[in-house]
Every structure is written in structure tokens, then in C-alpha cells.
S.K.: 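Below is the structure I would like to discuss, written out as C-alpha cells.
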Amino acid sequence: MAMTRRRLLALAGAPAARLAPALAPRRERYDVCIVGSGAGGGMAAYALTQAGADVVLLEAGPEWYSERDSAMLTAAADSPRRGAATKERQFGEFDACLGGWEVDGEPYTLAPGTEFGWWRARMLGGRTNHWGRYSFRFGPDDFRGRSVDGLGDDWPIGYDDLAPYYDRLDRFIGLFGSNEGLRNHPDGIFLPPPRPRCYELLVQQVSRRLGIPCIPNRMSVLTRPHNGRPACHYCGQCNRGCGVNANFSSPGVFIKPALATGRLTLVTGAMAREVTVDAAGRATGVSYVNKATGADEHVRARVVVLAASACESARLLLNSRSSRFPDGLGNSGGVVGRYLTDTTGTDVGGFIPRMADHVPHNEDGAGGSHVYMPWWLDNRKLDFPRGYHIEVWGGLGQPSYGFMGAIHQYPGGGGYGKQLKGDYRRYYGATIGFSGRGEMVPNDDSWCEIDHEVVDRWGIPVLRFHWKWSDHELNQVRHMQRTFRALIAEMGGEVFAPMPTKQEGYGIAPGGRIIHELGTTRMGRDPSRSVVNPDCRVHGVPNLFVTDGGPFVSQADKNPTWTIMALAWRASDHIAAQRKAGAL
Ligand SMILES: Cc1cc2nc3c(=O)[nH]c(=O)nc-3n(C[C@H](O)[C@H](O)[C@H](O)COP(=O)(O)OP(=O)(O)OC[C@H]3O[C@@H](n4cnc5c(N)ncnc54)[C@H](O)[C@@H]3O)c2cc1C
Ligand code: SF4
């Protein structure tokens with residue numbers, strides 16, 4: 001690597017000393033109070049401060065700026081843990097997420113028989129600091145699932161409503177990709193994609209033979225300097241947070257320019273408890289726990305925007321009970337917490353003999369795959385209703401703790417000393433794998449509610465989850481397994497693990513484990529069947545909005561975050577217009 005860390009930090013253009021410190025609320029009343037600073041909250045903070053609003057942002061976690069806090073370019077060998085996971089860093093010591101499947105003092109509960117995992121970030125920027133940055137638009141059919149196959153519900157808005165906001169995101173944030181003209185995978189305004197790595201070329205070759213499209217990935221990583229941010233230098237470590245902000249994270253791309261307007265007050269360590277309302281049913285602000293002192297505090301605002309993540313915002317609405325709203329806000333139809341979905345997922349990896357004994361070369365690239373496979377089949381000819389896309393993995397990533405575990409499964413692998421070292425060299429880069437990411441149809445058995453028996457360390461009642469996959473998802477995942485095994489066989493490879501059985505759910509990841517929870521405050525025109533209207537405004541509360549994954553009516557075979565941000569920008573535009581008109 002030619003660049004030093006110091007030089008990289010200089011490139012980032014915002015040394016730690018110049019980052020604005022978090023403040024306590026300073027105004028009697030703000031124009032807008034936003035809860036949560038991740039994808040949805042950061043987007044709203046950016047758009048609303050640009051529109052001239054005085055905004056206070058309540059964030060449960062501490063400040064975190066990648067140019068100051070990222071472990072980019074740290075070698076695993078420099079740490080005695082060699083990058084292994086810790087209780088605080090559950091995806092590895094260098095991963096850029098404070099939080100995890102369990103957060104100290106903040107439990108959630110599971111209904112009997114339920115298997116569900118809830119990943120929570122507690123930091124400025126939320127999960128956008130370490131997310132995969134696969135940035136896909138939903139396609140036209142993704143907003144009209146019921147019209148296509150009679151399942152779930154249609155959205156009250158369509159692709160054309162969001163297209164201008166997807167365009168704005170592409171232009172402002174920047175992402176690489178290629179225009180392919182695929183019907184339900186809309187093109188975008190892309191920077192050039194990086195070239196495929198060696199193993200990705202092999203995957204492209206065999207997928208072509210099997211009739212599966214394998215195209216350049218679409219990731220919010222800059223391959224050219226863009227809007228004052230430098231291009232990626234291909235260290236392959238996006239999940240650690242990018243020290244030069246060449247990839248998208250909310251603090252680097254949304255929060256910093258919002259602070260620069262002088263109209264954003266950032267309050268970190270503020271755990272929101274409930275939205276307060278007046279006698280007329282309008283939101284008056286948010287009460288929160290100051291985590292440093294444990295004291296209850298309150299901030300007043302003309303408009304409240306919840307963006308604490310889909311399940312946490314549902315929790316806040318359900319915990320905001322009053323005589324006027326005994327079941328919580330937006331819950332007159334009992335819909336808050338219902339329609340919870342996650343992406344389906346399963347993985348298969350295999351040993352590819354022709355990749356053994358490779359010529360050593362650097363193929364670090366962007367921090368994720370340079371290619372992917374969008375959904376390519378017609379569900380009318382299959383035994384499941386919705387599609388999936390395929391993510392590809394392999395290559396020569398930086399070795400760290402657990403590297404090439406189970407080496408004894410490779411031909412002649414294992415043993416001791418020189419032979420073992422030789423085997424590691426021989427088989428390094430000879431594993432290729434696939435992860436399916438598919439659409440789940442909302443069902444009546446998958447939802448969350450308040451568990452009135454349990455409170456967290458702040459005295460706030462916690463969520464209880466219910467979860468069940470239906471045959472739609474199980475059949476889809478069986479198809480993924482068969483496809484991935486066919487791809488590996490076509491490469492002349494060997495899969496060590498047998499095909500999972502029906503009793504094993506065909507290898508489907510438990511609910512929540514793909515970390516794409518959506519739908520808990522879904523959008524619609526009818527308050528008895530939805531929580532927010534098409535502008536993301538909570539039914540029955542004229543100045544309360546939700547801008548995270550909660551308003552989604554359905555998943556898609558695409559990852560959700562580009563759509564979360566498009567919806568948040570659209571809702572923010574609506575708030576700004578209503579404020580200008582004097583209605584908010
Ligand atoms: C490892 C990983 C990889 C991923 N990869 C992709 C991908 O490639 N593509 C994709 O589209 N999506 C991906 N995702 C999902 C993506 O990160 C989420 O969809 C997105 O971050 C959701 O945005 P959000 O604003 O709803 O929530 P978050 O980004 O989680 O932000 C929520 C914020 O609210 C704060 N908060 C929570 N509760 C409170 C409270 N009570 N009071 C105050 N603040 C609170 C949190 O601290 C946090 O900062 C990935 C997620 C993970 C974990
Ligand atoms: S791969 Fe590129 S975008 Fe990702 S952390 Fe490295 S330099 Fe930043």
C-alpha cells in the first residue's frame with residue numbers, strides 16, 4: 001500500500017479536531033426532532049437542514065467518525081486477537097459497529113418457539129458504518145407484489161414516485177455499477193465499476209453457461225473522486241469504516257454537511273423513550289434518557305421524525321401511550337409491529353481445485369464483491385412466489401483469526417509444521433461461495449409487540465418477537481441451495497457440507513439474521529391496515545413521521561437501504577414543503 005495512514009487522513013479533509021462535538025439541546029423548541037442517525041435519520045437530517053430547518057438529532061450511541069475512529073489499514077497481525085470478534089465487536093475486532101446481537105442492559109424477548117435475532121447499532125450513523133453498501137433500487141414490480149401474484153399488499157406509491165429520489169441519491173452519494181436494461185432491476189447514474197477479480201471472472205464464466213446473469217455489482221463506493229470525497233484506494237476493508245470517506249456512511253456523507261449548515265444540534269448518548277403529544281393529538285417532542293446521567297430529559301419540536309430502525313421505531317410508537325392513544329401512536333388499527341419481514345438467506349461455499357496453487361497477486365478491490373447476480377427467473381414456473389439475488393465471495397482477503405478453518409477437509413490438508421503452512425499457501429483463495437438474498441412475503445406469524453414484563457436498563461419496556469417462515473421462503477431457499485451447488489459443480493468444485501434437509505429448513509438463516517428488518521410501521525392509505533401514509537406520516541398524528549425501514553409494505557429481492565434513503569428524502573421534502581406552506 002503506497003499511502004500512509006496519515007496521508008489518507010489528510011485526504012479525508014476533516015481531521016478529528018474539526019468535527020463538531022455533540023451538544024445538549026440549546027433551543028426552547030426546534031423545528032424538527034429526529035431520533036436515530038443511521039440511513040433514514042441521517043438522510044432526514046441532511047435534507048431538512050439543507051431546507052433551512054433547525055434540527056435536533058437524538059442518537060442513543062456515541063459519536064463515531066470513520067476518519068478518526070476507523071481501523072482501516074490495521075493489519076490483523078498487529079493485534080494480539082488477530083481481528084477475532086469481541087463481545088463489543090461481534091463481527092470482528094476491526095468491524096465498525098458498536099452494538100450487536102446483544103446490547104448490554106437492552107434485552108429483547110422471544111415468544112416460545114421463536115428464533116429471531118435483532119442486530120442493533122448504538123453509534124452515530126448506526127449500521128451505515130459497517131454495512132455491505134450493496135445499493136440496489138427496488139424495481140416497478142417490487143411495489144405491486146399483490147397485483148403480480150396475489151400475495152401481501154401493493155404499496156400506495158410506485159417506482160415512478162421514488163425514481164427522482166434514487167437519482168438524487170446516485171448523484172449526491174455516488175455508487176458504481178453498470179446499466180443493463182433489466183426490467184425489474186432499474187439502471188442508475190453509476191460511476192464505472194471496478195474490474196472483476198480472478199475468481200469473479202470464473203463465476204461469470206460458469207454462470208453464463210448456466211444461463212444466470214452475473215453483472216457488475218452496485219455499491220456506494222466511489223471509483224472516481226465525487227462531491228469532495230476521494231476515490232477508493234481498494235484496501236477492501238469497507239466494513240471497518242472508510243478512513244477517507246470513499247464509501248457511504250451517514251456520518252461522513254450526511255451528518256458532516258448537516259453540521260456545517262449550523263442548523264443541526266447533535267445530542268449523542270440520548271436514548272429516546274417516547275414521543276410526547278398534546279391534548280389535540282399533535283406531537284410536542286421526544287422524551288429521552290441522558291445515558292451519561294440517567295436523567296429523563298425532553299426536547300420540544302414542531303415536527304418529530306422517527307428513524308431509530310424499523311423495530312425500534314415501532315417500539316417507540318407502542319411505548320408512546322396516553323389517554324388519547326392508549327395503544328400507542330399510529331396504532332388505531334393494531335398494525336404497529338405487524339408485517340415484520342427480513343430478507344431470506346442461505347450460503348454455500350466450495351473448494352475449487354483449479355483455484356489452488358494460484359499465482360500470488362493483489363486483488364483487494366472494494367470492500368465487497370465486484371459482481372452479483374440479480375434475479376433472473378419467472379416465478380410463475382417455480383414453486384415459490386418471489387425472487388432472490390446472489391452475492392459472491394472468495395478471493396484473497398487479508399487473513400485474520402479463524403482464517404481457512406477446517407483446512408483438514410481440503411485434499412491432503414491439515415497436519416503440522418511445514419506441510420500445514422504449505423497447505424495454507426496452496427489453498428488460499430481456492431474457496432468460492434454464494435449467499436442468496438431473497439424476498440419474504442409478510443405473514444401473520446411474524447411480528448413484534450411490547451413485552452410488558454421486561455424493561456431495559458433505562459426502564460423502557462422492551463420488544464418481544466414472534467417469527468415463522470412459510471413454505472414460500474423455504475422453497476425459495478431450497479432453490480438457492482440447489483443453484484449454488486450447481487454453480488460450484490460447474491466450476492469443478494466440491495461442497496463439503498451436504499444439502500440441508502427440510503427439517504433443517506434447507507439451511508435458511510433464522511429470522512432477523514440477514515439484518516434487513518422492515519415493515520413494522522407499514523405504509524398505506526387505510527389507518528386500519530397501515531401505520532403511515534404515503535408521505536411516511538403517522539396516521540392520526542399530523543406532525544409525526546417515520547423514515548427508516550418501518551414503512552416498507554414488502555421486501556424485494558434487493559437489499560433495502562437505498563430505498564430507505566429514497567423514502568426518507570421524499571418524506572423530508574414533504575415536511576419542508578408543508579413547513580413552507582405553514583401547515584407544520
Ligand atoms: C453487516 C451488515 C451489512 C449490511 N449490508 C447491507 C447492504 O449491503 N445493503 C443494504 O441495503 N443494507 C445492508 N444492511 C442493512 C442496513 O444497514 C440497514 O438497512 C440500514 O442501516 C437501516 O437504516 P436505519 O436508519 O433504519 O437504521 P440504523 O442504520 O441502524 O440507524 C438507527 C440509529 O438509531 C439509533 N437508535 C436506536 N434506538 C434509539 C433510541 N431509542 N433513541 C435514540 N437513538 C436510537 C441507533 O443508535 C442508530 O444510530 C446491512 C446491515 C448490516 C448490519
Ligand atoms: S475499499 Fe475503498 S471505500 Fe472501502 S474502505 Fe478501502 S478505500 Fe475506503
Side-chain angles (χ1 to χ4, degrees), residues 1 3 8 11-12 34-44 57-62 64 66 70 72-73 90-91 95-100 103 106 119-136 194 217-223 229-251 267-274 286 288-289 291 306-313 315-316 319 343 364-368 391 437 456 458 460 514-518 546-550 552 558-565 568:
M1 194 70 52
M3 273 192 265
L8 287 167
L11 256 180
I34 300 171
V35 180
S37 62
M43 178 79 256
L57 177 51
L58 301 181
E59 167 49 55
W64 204 93
S66 55
S70 156
M72 190 178 81
L73 304 189
Q90 293 167 20
F91 282 170
D95 185 64
C97 189
L98 309 178
V103 176
E106 296 187 32
W119 181 278
R120 287 162 295 165
R122 290 284 181 267
M123 65 195 299
L124 186 67
R127 288 169 284 175
T128 68
N129 293 298
H130 76 148
W131 70 308
R133 296 173 175 89
Y134 287 39
S135 305
F136 303 143
N217 206 347
R218 297 169 176 185
M219 287 180 67
S220 39
V221 168
L222 303 181
T223 51
R229 292 159 48 219
C232 171
H233 52 261
Y234 299 132
C235 73
Q237 299 176 345
C238 285
N239 71 312
R240 299 179 178 195
C242 182
V244 299
N245 282 316
N247 63 23
F248 168 75
S249 72
S250 172
V267 187
T268 51
M271 182 73 189
R273 176 194 293 283
E274 69 175 291
V286 177
Y288 65 94
V289 181
K291 287 167 70 173
L306 299 183
S309 78
C311 296
E312 185 73 22
S313 290
R315 180 186 179 203
L316 279 161
N319 277 330
T343 293
D364 287 349
E391 301 180 1
R437 296 287 179 260
D456 66 12
W458 319 111
I460 305 173
I514 307 300
I515 322 183
H516 289 165
E517 338 74 62
L518 303 173
V546 182
T547 66
D548 48 32
F552 281 52
K558 290 94 183 170
N559 312 33
T561 308
W562 219 242
T563 302
I564 291 177
M565 298 195 293

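Basis for what follows: all heavy atoms, side chains included, without hydrogens, waters or symmetry-related copies. Ligands are counted one by one from 1 in listed order, and the atoms in each one are counted from 1 as well.
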S.K.: For Ala60 and ligand 1, does the shortest N/O to N/O distance drop below 3.5 Å?
M.R.: yes
S.K.: Among all protein non-hydrogen atoms, which one is nearest to atom 35 (C) of ligand 1, and what is the separation to 0.1 Å?
M.R.: Glu59 OE1, 3.5 Å
S.K.: Can you name the atoms of ligand 1, numbered from 1 with element, that are less than 4.0 Å from a heavy atom of Leu58?
M.R.: 43 (C), 44 (N)
S.K.: Under a 3.5 Å distance rule, please check whether Ser37 uses its side chain to pair with a backbone N or O of Gly125 as donor and acceptor.
M.R.: yes
S.K.: Tell me: protein heavy atom nearest atom 4 (Fe) of ligand 2, and distance?
M.R.: Cys238 SG, 2.3 Å
S.K.: I need the contact type for Arg315 against ligand 1. Using non-hydrogen atoms and a strict under-4.0 Å cut-off, is it side chain, backbone, both or neither?
M.R.: neither
S.K.: In terms of residue, atom name and distance, what is the protein heavy atom nearest to atom 46 (C) of ligand 1?
M.R.: Ala121 O, 3.3 Å
S.K.: Heavy-atom contact check, 4.0 Å cutoff: does Gly241 meet ligand 2?
M.R.: no
S.K.: Give the single entry among Gly61, Ser250, Ala308 that approaches atom 37 (C) of ligand 1 most closely by any heavy atom.
M.R.: Ala308
S.K.: For the residue pair His130 and Trp119, categorise the inter-ring angle as parallel (less than 30°), tilted (30 to 60°) or perpendicular (more than 60°).
M.R.: parallel
S.K.: Show which atoms of ligand 1 fall inside a sub-4.0 Å distance from at least one heavy-atom site of Asn559.
M.R.: 7 (C), 8 (O), 9 (N), 10 (C), 11 (O)
S.K.: What's the separation between atom OG in Ser309 and atom CD1 in Ile515, rounded to the nearest 0.5 Å?
M.R.: 11.5 Å
S.K.: Between Phe91 and ligand 1, does any nitrogen or oxygen pair lie at a separation below 3.5 Å?
M.R.: no
S.K.: Is atom 8 (Fe) of ligand 2 under 2.8 Å from any N, O or S atom of Cys242?
M.R.: yes
S.K.: For Trp562, is at least one N or O under 3.5 Å away from an N or O on ligand 1?
M.R.: no
S.K.: How does His516 reach ligand 1, by side chain, by backbone, by both or by neither, if only non-hydrogen atoms under 4.0 Å count?
M.R.: side chain
S.K.: With heavy-atom distances below 4.0 Å as the criterion, list the atoms of ligand 1 near Gly40.
M.R.: 25 (O)
S.K.: Is there any N or O on Gly132 that sits under 3.5 Å from an N or O of ligand 1?
M.R.: yes
S.K.: Rounded to the nearest 0.5 Å, what's the gap from NE2 on His516 to CG on Asn559? Could you check?
M.R.: 4.5 Å
S.K.: When you measure from atom 1 (S) of ligand 2 to every protein heavy atom, which one gives the shortest distance, and what is it?
M.R.: Gly236 N, 3.2 Å
S.K.: Applying a heavy-atom cut-off of 4.0 Å, say which part of Phe136 lies close to ligand 1: side chain, backbone, both or neither.
M.R.: neither
S.K.: Which residue holds the protein heavy atom closest to atom 6 (Fe) of ligand 2, what is that atom called, and what is the gap in Å?
M.R.: Cys235 SG, 2.4 Å
S.K.: To the nearest 0.5 angstrom, please state how far the CG atom of Leu306 sits from the OG1 atom of Thr547.
M.R.: 8.0 Å
S.K.: Tell me, please, if His233 has any N/O/S atom, main chain or side chain, under 2.8 Å from atom 6 (Fe) of ligand 2?
M.R.: no
S.K.: State the atoms of ligand 1, each with its element, that fall below the 4.0 Å cut-off from a heavy-atom position in Ser37.
M.R.: 33 (C), 49 (O)
S.K.: For Gly38, take its heavy atoms, then give the atoms of ligand 1 lying under 4.0 Å from any of them.
M.R.: 25 (O), 29 (O), 31 (O), 33 (C)
S.K.: Using a 4.0 Å heavy-atom cut-off, say whether Ala270 meets ligand 1 through its side chain, its backbone, both or neither.
M.R.: backbone
S.K.: Verify side chain to side chain contact (heavy atoms under 4.5 Å, CB included) between Phe248 and Cys242, making sure each step is shown before the conclusion.
M.R.: CA-CA 8 Å; Phe248 168 75; Cys242 182; over 6 Å; no
S.K.: Give the residue and atom name of whichever protein heavy atom lies nearest to atom 34 (O) of ligand 1, and the separation in Å to one decimal.
M.R.: Gly36 CA, 3.3 Å
S.K.: Using distance alone, determine whether Val35 and ligand 1 share an N or O pair under 3.5 Å.
M.R.: no
S.K.: May I ask you to identify, for Glu312, whether its side chain, its backbone, both or neither come under 4.0 Å of ligand 1 on a heavy-atom basis?
M.R.: side chain
S.K.: Using a plain distance cutoff, I'd like to know if Trp131 has any nitrogen or oxygen under 3.5 Å from a nitrogen or oxygen of ligand 1.
M.R.: no
S.K.: So for ligand 1, is Asp548 a polar contact partner (N or O within less than 3.5 Å, distance only)?
M.R.: no
S.K.: Examine Tyr134 against ligand 1 and note whether any of their N/O atoms are separated by less than 3.5 Å.
M.R.: yes
S.K.: Backbone or side chain, does Cys232 get an N/O/S atom under 2.8 Å to atom 2 (Fe) of ligand 2?
M.R.: yes
S.K.: Salt bridge or not for Glu517 and Arg120, using N-O below 4.0 Å?
M.R.: no
S.K.: For atom 27 (O) of ligand 1, grab the closest protein heavy atom and report residue, atom and distance to one decimal in Å.
M.R.: Arg127 NH2, 3.3 Å
S.K.: Report the nearest protein non-hydrogen atom to atom 53 (C) of ligand 1: residue, atom name, distance rounded to 0.1 Å.
M.R.: His130 NE2, 3.1 Å
S.K.: Thr561 heavy atoms, cut-off 4.0 Å: which ligand 1 atoms fall inside?
M.R.: 10 (C), 11 (O), 12 (N), 13 (C), 15 (C), 16 (C), 18 (C), 19 (O), 20 (C)
S.K.: For ligand 1, which is the ligand I care about here, please tell me if Ala310 has any N or O atom under 3.5 Å from one of the ligand's N or O atoms.
M.R.: no
S.K.: Of all the atoms in ligand 2, which lie at a distance below 4.0 Å from a heavy atom belonging to Gly367?
M.R.: 1 (S)
S.K.: Is any N or O atom of Ala39, backbone or side chain, closer than 3.5 Å to an N or O atom of ligand 1?
M.R.: yes
S.K.: Have Asn129 and Ser66 got a donor and an acceptor in their side chains that come within less than 3.5 Å?
M.R.: no
S.K.: Using a heavy-atom cut-off of under 4.0 Å, does the side chain or the backbone of Ile564 touch ligand 1, or both, or neither?
M.R.: side chain
